[in-house]
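Beneath this line is the structure, given in structure tokens, with notes to follow.
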Amino acid sequence: MNSLAKLLEAALFASPRPIPTDELAALDAEASPAAVQAALDELREHYDVDGHAVELVDAGGGWQILTRPEYTEAIERAQMALRPRRLSPAALETLAIIAYRQPIGRADIEEIRGVDVGSVIKSLHERGLIDVVGRSEALGRPLLYGTTGAFLEQFALRHLEELPRTDELAVALRAREPETLEQVIHHDEVS
Amino acid sequence: MNSLAKLLEAALFASPRPIPTDELAALDAEASPAAVQAALDELREHYDVDGHAVELVDAGGGWQILTRPEYTEAIERAQMALRPRRLSPAALETLAIIAYRQPIGRADIEEIRGVDVGSVIKSLHERGLIDVVGRSEALGRPLLYGTTGAFLEQFALRHLEELPRTDELAVALRAREPETLEQVIHHDEVS
Amino acid sequence: MDHVTNAGDAGFVVDLPHFSGPLDLLLSLIRDEKVDIYDIPVARICQQFIERMHSLKLNEAAEYLEMAARLLRIKAQMLLPRPDGEEAWEDPRAELVRRLLEYQQMREVVDVLERLGEDRRNRFARAYVPVALTPAVQAPLSLSLAELLGAVDRVLRHVQRPDVHDVISRPIDVDGFIEVVRAVIALRAIARFRDVVPPGSEPWEVLSGLLALLELARRGELRLRQPRPFASVEIKREFAGEAA
């Protein structure tokens, strides 16, 4: 490996969080963006070809070294590391709505899910997956929520645009429903 | 690398603490102590010969993968050079409340902001902008927070009194004391 | 997983792993019955919905009850005679269909998230963080005083002000009213509250007058008496107080 690749390996290894490419570039003021990209490619290839138990992944808003899935069970069985708890269906539904409709208030989420979401919002907020991003101008000035960087990391997304666009989903809201215009505009915002 | 060496690599990478040799053996019931030792040797050699930025170290009561010392400085330098981060609106508002109402407990901040501020307080504390300055006499003796020297430094203030105070600030951010008669009259004089 | 959540007015709601709400239950009925979502046989689905609510012991859950009531209402509307002319008739099921489609779309996103989340859950990031590096991990902060004051401003706009600020619009002048009261009782042996605070006074004047009277009564300069409840308060000079 070349020296830049080694430097990147050290930095990625030392960080428990994903590091965006431009921050990696700051490691070596001399290195061009192309050189950084080449070094990342070399590192990734090295892990793959040499058969390491870790791999270089571009997800969660940056680059990260992660273990390959096939070792997870053995590691967890030996209690050397624990997987994070799964999110409940209620939490996932709420997250899905917030991810697509952000910024969105609690009442609008409840309108879509048909249930109270107060406690779910609280726990998503405590887990750092959502945050308050503002207040609506509506009556009572309700809080508006959006997803966080930890959300991207937890679902290994580079950015929100990696989520399927609503018109790519099997169920498309058809022209029969009244809010066609709003829906179209929303599609646009997401894509 | 053989498959046992890869399993050890994954486990050492994922574990938050050093793992002693006998615990590593628990990862694979089939593996003899000699095989585990051989796999560790292979892993160490691989890191050394292939010129990785990390090395396998037997220290602190067990095995660990650590970045090599020669990269420490570069990593630290890079972290200093990281793109300056902005505080989220949620963190800023919490900081503003603490600055003007210190010493103040979490419950009082939450009453003003209307949301849970646990994670925000944690991150402000990690950033060194706030610190615990005492405990309230109230039930449960909750922790009270105040701003730090780093806070003053961040805003180039010599002391807290340099924070702008408008009449409106003084009234709305005043600690809510029992509404005694004096309180009524005093509030009023301010406005 | 949290199967039991305390959902506000609904009281204790048992969140069954298979149904995360009334829309979920309704969708599963529509799937089981293989009916067209755009042409839901409301009477049949409504009956089944209520039966499932009973069998799943969801009778107490407000959200499910609300949906049952909605279905019953749609069922009733479907029975009403339709006015002549197709275009005049608005399908009472339209709103429900829209919500079901929206919900189903969201369930698809949940499937995507579940898959992505499960994949990520199966990979570990490096867990060991050298202690010496921890403080340096924080990138420098970009934060100006203007931003902090902006945040103060946002807090101010959203904070609920104590009621006192809304009630009193002018400074209270207790001392001034003490002089007024003294002047009044110097002229009259028995005065009324309205002699101190004329009808039509502003709230701050009423409050100031009242506080002045209470203060003078405390000092023993006058005596306050109310013959009956809600009667006008009599203000009487206290000679002993003056002598003291």
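Lettering of chains follows the sequences in order, A, B, ..., and the numbering in each one begins at 1.
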Ring centres under 6.0 angstrom apart (Phe13(A), Tyr71(B)) | no
Do Arg113(B) and Asp108(B) sit within salt-bridge range, that is, some charged N less than 4.0 Å from a carboxylate O?
-> no
Heavy-atom distances under 4.5 Å only: say whether Leu143(A) touches chain B with side chain, backbone, both or neither.
-> side chain
Any chance the side chains of Arg141(A) and Ser136(A) put a donor and an acceptor closer than 3.5 Å?
-> no
Hey, which of Arg77(A), Lys122(A), His46(A) has the most heavy atom pairs under 4.5 Å with chain B?
-> His46(A)
Max heavy-atom pairs within cutoff under 4.5 Å with chain B, candidates Ala81(A), Gly128(A), Ala78(A), Gly51(A), goes to Gly51(A)
Residue pair Thr147(A) / Gln102(A), side-chain donor-acceptor N/O under 3.5 Å = yes
Glu9(A)-Tyr47(A) side chain donor-acceptor pair, cut-off 3.5 Å | yes
Pick one of side chain, backbone, both or neither for Leu66(A), based on which atoms fall under 4.5 Å of a heavy atom in chain B.
-> backbone
If you count heavy-atom pairs under 4.5 Å between each of Val54(B), Asp28(B), Leu24(B) and chain A, which one has the most?
-> Val54(B)
Under 4.5 Å to a heavy atom of chain A? For Ile19(B) that would be side chain
With a 4.5 Å cut-off on heavy-atom pairs, point out which of His125(A), Gln79(A), His52(A) contacts chain B the most.
-> His52(A)
Arg68(B)/Asp48(B) salt bridge by N-O under 4.0 Å criterion | yes
Part of Ala53(A) lying under 4.5 Å from any heavy atom of chain B = both
